[in-house]
Amino acid sequence: MLVVDAGKDINERHCCVSSVSSCNHCSPCSILCGVGGAGAYSDGTLNLRPDVGGNLAEQTGDVESAWGIVDYVDKIYLRYGATTKTYSATGEEVEILKRRAASVGARFIDIKQRHIGSDNSVALIESMKNDLESKGISFLLESKVKDLIVEDDTCAGIILEYRQIRSKYTLLAPGRVGYEWVNDLVDRHSIKFSYSGVDIGVRVEVPSIIMDPVTRINHDPKFHIYTKGHDDFVRTFCTNEHGFVVKEEYEGFVATNGHSMHSKESENTNFAFLVHVELTRPMENTIKYARSVAKLATTIGGGKPVLQRLGDLRRGRRSTADGIKRNAVNNTLKDITPGDISMAMPHRIVMDIMEGLEVLNQIIPGVDSDCTLLYAPEVKFYSLKIDVDNTMQTNIGNLFVAGDGAGLSRDLINSSATGILAARGILAHVRQN
């Protein structure tokens with residue numbers, strides 16, 4: 001068995017932004033590519049539910065089996081070093097939080113979670129890789145797959161930049177960074193798919209003291225809101241308690257994300273605040289739309305994320321370097337351009353964000369402060385959703401898919417679970433043949 005990855009080994013993945021303020025635009029980006037994928041340098045939060053970050057019941061066929069595979073995946077993470085401590089919203093505090101959210105037309109989603117931490121994920125991924133290698137699995141790194149070998153509607157291997165590798169079974173799991181590449185493969189080989197929505201928004205940064213009463217209840221709290229103006233779905237995602245905002249490099253644009261660690265803390269907490277976008281005819285390709293938004297924001301930011309004080313956004317003025325310097329909340333990401341996100345993002349999305357934060361402020365007082373920082377863009381690409389059968393096989397024979405890059409998941413637990421389902425699917429085909 002061979003694993004091919006465009007990036008480096010887990011211990012060789014280093015990002016200059018962690019030690020200096022600017023980005024060297026490495027290709028491929030070590031934050032997104034390499035052994036462990038983008039998850040290796042994520043916040044490392046495991047949402048232990050099959051309906052958060054995806055919908056595993058669609059793949060397993062029933063809810064009970066979906067919960068069973070979540071438990072199975074959780075035990076794997078524990079085996080390789082994940083913390084045994086869990087965060088679960090229970091008790092009177094949770095009831096108060098749910099009631100407060102319901103009173104303003106929002107929902108608080110109760111999730112049992114583990115937090116690995118960005119700093120501990122590396123050791124966990126290394127332990128996994130070492131165990132795989134001890135079982136005879138090989139890794140071919142810093143090697144880009146250009147195409148698939150498809151013969152008579154059956155996948156017979158992969159094409160690298162310098163050679164071909166033939167295989168009986170192929171599992172396509174490129175992660176979120178590979179969404180555009182997957183789209184090209186879908187067109188080239190007539191792989192069946194459906195369009196899925198995208199989430200476009202900002203990374204919000206506030207003093208941790210504002211979020212502490214909620215993050216003590218749930219490490220990564222999920223709030224779901226429908227805006228009054230457009231009735232659009234807005235949600236919080238990937239909360240990083242005492243964390244850091246980071247920049248991600250994609251082909252043609254930049255985006256933001258967040259990290260939190262066990263060994264290092266900031267005085268701030270950040271979270272994604274995302275508007276869900278679905279499109280209908282004639283423009284159904286949500287990925288092209290989201291890319292155009294991200295590219296415009298990158299252009300406005302001169303190749304860097306745009307940073308704006310919420311108070312400046314409300315008053316229709318751009319933020320300045322001096323204003324950011326004097327702001328009560330210090331930005332943890334320094335490689336930014338002070339500016340105006342209303343110049344970088346569609347009006348409807350900006351209004352949804354402002355209205356959503358007003359609602360969230362009634363649940364978490366202080367998040368709607370003039371000093372709150374907004375980084376743009378934060379874009380979650382879920383790729384085209386590739387059609388699969390109950391073994392995770394596509395309409396191309398012997399080609400299986402899993403994870404975010406195939407549009408089947410949006411978090412660590414769900415992406416891991418789809419990988420397990422694909423592996424089981426391949427084994428089932430091996431036994432039949």
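None of the values given here were measured: they were computed from a predicted structure.
- Between S143 atom OG and I158 atom CD1 the span is 8.5 Å, to the nearest 0.5 Å.
- Side-chain atoms of V182 and P174, non-hydrogen and from C-beta on, do get closer than 4.5 Å to each other.
- A donor-acceptor pair is defined here as one N or O able to donate and one able to accept, closer than 3.5 Å; no such pair exists between the side chain of T337 and the backbone of V306.
- What you find for D220 and C238 is that their closest heavy atoms are OD1-N, 3.5 Å.
- A cation-pi arrangement is present between K264 and F244, with the terminal nitrogen or guanidinium carbon under 6.0 Å from the aromatic centre and inside a 45° cone about the axis.
- We find that K380 and E378 are joined by a salt bridge, their nearest charged nitrogen and carboxylate oxygen being less than 4.0 Å apart.
- Although no hydrogens or angles enter the test, the distance criterion places no donor-acceptor pair under 3.5 Å between the side chain of D74 and the main chain of V70.
- For the pair D199 and R410, the salt-bridge criterion is not met [side-chain N within less than 4.0 Å of a carboxylate O].
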Show your reasoning for whether side chain to side chain contact (heavy atoms under 4.5 Å, CB included) applies to E248 and Y250.
CA-CA 7 Å; E248 291 184 336; Y250 291 86; 3.0 Å; yes
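- The 12-atom threshold is exceeded at CG of L140, counting heavy atoms of other residues, nucleotides or ligands nearer than 6.0 Å.
- When atom types are taken as modelled, the side chain of R114 and the backbone of T84 share a donor-acceptor pair closer than 3.5 angstrom.
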Would you sort out whether R317 and D340 count as a salt bridge (charged side-chain N to carboxylate O under 4.0 Å, His left out), showing the intermediate values?
CA-CA 7 Å; R317 65 194 185 200; D340 184 355; over 6 Å; no
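- Within 6.0 Å of CE in M343 there are 12 or fewer heavy atoms belonging to other residues, nucleotides or ligands.
- We find the CD1-OG1 distance between I109 and T236 to be 9.0 Å, quoted to the nearest 0.5 Å.
- Between D312 and R318 there is no salt bridge, since no side-chain nitrogen of the basic residue lies less than 4.0 Å from a carboxylate oxygen of the acidic one.
- Around CD of E251, the count of heavy atoms belonging to other residues, nucleotides or ligands within 6.0 Å does not exceed 12.
- Using a 4.0 Å cut-off between charged nitrogen and carboxylate oxygen, R13 and D9 do not count as a salt-bridge pair.
- Look at K247 and E249 and you find a salt bridge, because one of the NZ, NE, NH1 or NH2 atoms lies within 4.0 Å of a carboxylate O, short of that distance.
- Remark: K385 fails to qualify as a cation-pi partner of F193 under the 6.0 Å distance and 45° angle criteria applied to the six-membered ring.
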For N268 and T332, run side-chain hydrogen bond (donor to acceptor under 3.5 Å, both in side chains): C-alpha distance rounded to whole Å, both residues' side-chain angles, the deciding distance at 0.1 Å, then the answer.
CA-CA 8 Å; N268 298 343; T332 54; 5.1 Å; no
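- Shown here are the side chain to side chain donor-acceptor pair (under 3.5 Å) partners of T170, two or more places apart in sequence or in another chain: S167.
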Side chain to side chain contact (heavy atoms under 4.5 Å, CB included) assessment of V204 paired with V202:
CA-CA 6 Å; V204 180; V202 295; 3.9 Å; yes
Using the rule given for side chain to side chain contact (heavy atoms under 4.5 Å, CB included), can you reason through M211 versus V367, listing the C-alpha separation, both sets of side-chain angles and the distance that settles it, and then say yes or no?
CA-CA 8 Å; M211 294 290 294; V367 297; 4.0 Å; yes
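- With I413 as the fixed residue, the side-chain contact (heavy atoms from CB on, under 4.5 Å) test singles out one of I69, V73, T418: V73.
- To the nearest 0.5 Å, atom CD1 of residue I159 and atom CD1 of residue I165 are 11.0 Å apart.
- Considering only heavy atoms from C-beta on, V198 comes within 4.5 Å of I200 through its side chain.
- Closest approach of V35 to D5, counting heavy atoms only: N-OD2, 4.1 Å.
- Remark: side-chain polar atoms of E355 are paired, donor with acceptor, to backbone N or O of G229 under 3.5 angstrom.
- Ring geometry, F273 versus F271: the interplanar angle exceeds 60°, so the pair is classed perpendicular (tilted spans 30 to 60°).
- Put simply, the side chain of T372 never gets that close to the backbone of L310: no donor and acceptor are under 3.5 Å apart.
- I364 and V214 get closest at one heavy-atom pair: CG1-CG2, 3.8 Å.
- Between R291 and E180 there is a salt bridge, with a side-chain nitrogen of the basic residue lying less than 4.0 Å from a carboxylate oxygen of the acidic one.
- Using a 4.0 Å cut-off between a side-chain N of Lys or Arg and a carboxylate O of Asp or Glu, R188 and D147 qualify as a salt bridge.
- Here the side chain of T320 pairs a donor or acceptor atom with the backbone of G323 at under 3.5 angstrom.
- Side-chain contact between V206 and V329 is absent, with no heavy atoms from C-beta onward closer than 4.5 Å.
- In this structure, the side chain of W181 does not engage the main chain of G405 through any donor-acceptor pair within 3.5 Å.
- Remark: Q308 CD to L374 CG distance equals 7.0 Å, nearest 0.5 Å.
- Using a 4.0 Å cut-off between charged side-chain N and carboxylate O, R314 and D368 make a salt bridge.
- Taking each heavy atom of N55 and N414 in turn, the nearest pair found is N-OD1, 3.8 Å.
- Within a 6.0 Å sphere centred on CD of E267, heavy atoms belonging to other residues, nucleotides or ligands number 12 at most.
- Y226 and F233 have tilted rings, their planes meeting at an angle from 30° to 60° on a 0 to 90° scale.
- Between R49 and N47, the closest side-chain pair of non-hydrogen atoms is not below 4.5 Å.
- Judged by distance alone, with hydrogens and angles left aside, the side-chain atoms of T256 form a donor-acceptor pair with the main-chain N or O of P377 at under 3.5 Å.
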Start with the C-alpha distance between E278 and H276, add both sets of side-chain angles, then the distance that settles side-chain hydrogen bond (donor to acceptor under 3.5 Å, both in side chains), and finish with yes or no.
CA-CA 7 Å; E278 299 272 358; H276 189 69; 2.8 Å; yes
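- A distance of 10.0 Å separates CD1 in I349 from NE2 in H230, rounded to the nearest 0.5 Å.
- Counting heavy atoms from C-beta on, the side chains of F139 and L2 never come closer than 4.5 Å.
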Check the pair S260, H115 against side-chain hydrogen bond (donor to acceptor under 3.5 Å, both in side chains), reporting the backbone distance first and the verdict last.
CA-CA 9 Å; S260 67; H115 179 227; 3.1 Å; yes
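- Not one N or O on the side chain of S127 forms a donor-acceptor pair closer than 3.5 Å with the backbone of A123.
- Figure legend: R424 and Y72 shown as a cation-pi pair, the cationic atom lying under 6.0 angstrom from the six-membered ring centre and within 45 degrees of its axis.
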Please lay out, stage by stage, how T269 and S208 fare under the test side-chain hydrogen bond (donor to acceptor under 3.5 Å, both in side chains).
CA-CA 5 Å; T269 291; S208 292; 3.0 Å; yes
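- Within the 4.5 Å cutoff, no side-chain heavy atoms of N270 are placed close to those of T239.
- With hydrogens and angles disregarded, no donor-acceptor distance shorter than 3.5 Å links the side chain of Q113 to the backbone of L48.
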Dump the intermediate steps for side chain to side chain contact (heavy atoms under 4.5 Å, CB included) on D232 and R348, then the final yes or no.
CA-CA 9 Å; D232 288 335; R348 178 168 179 159; 2.7 Å; yes
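- With salt bridges taken as basic N to acidic carboxylate O contacts below 4.0 Å, one links R315 and D370.
- Remark: T227 OG1 to M354 CE distance equals 12.5 Å, nearest 0.5 Å.
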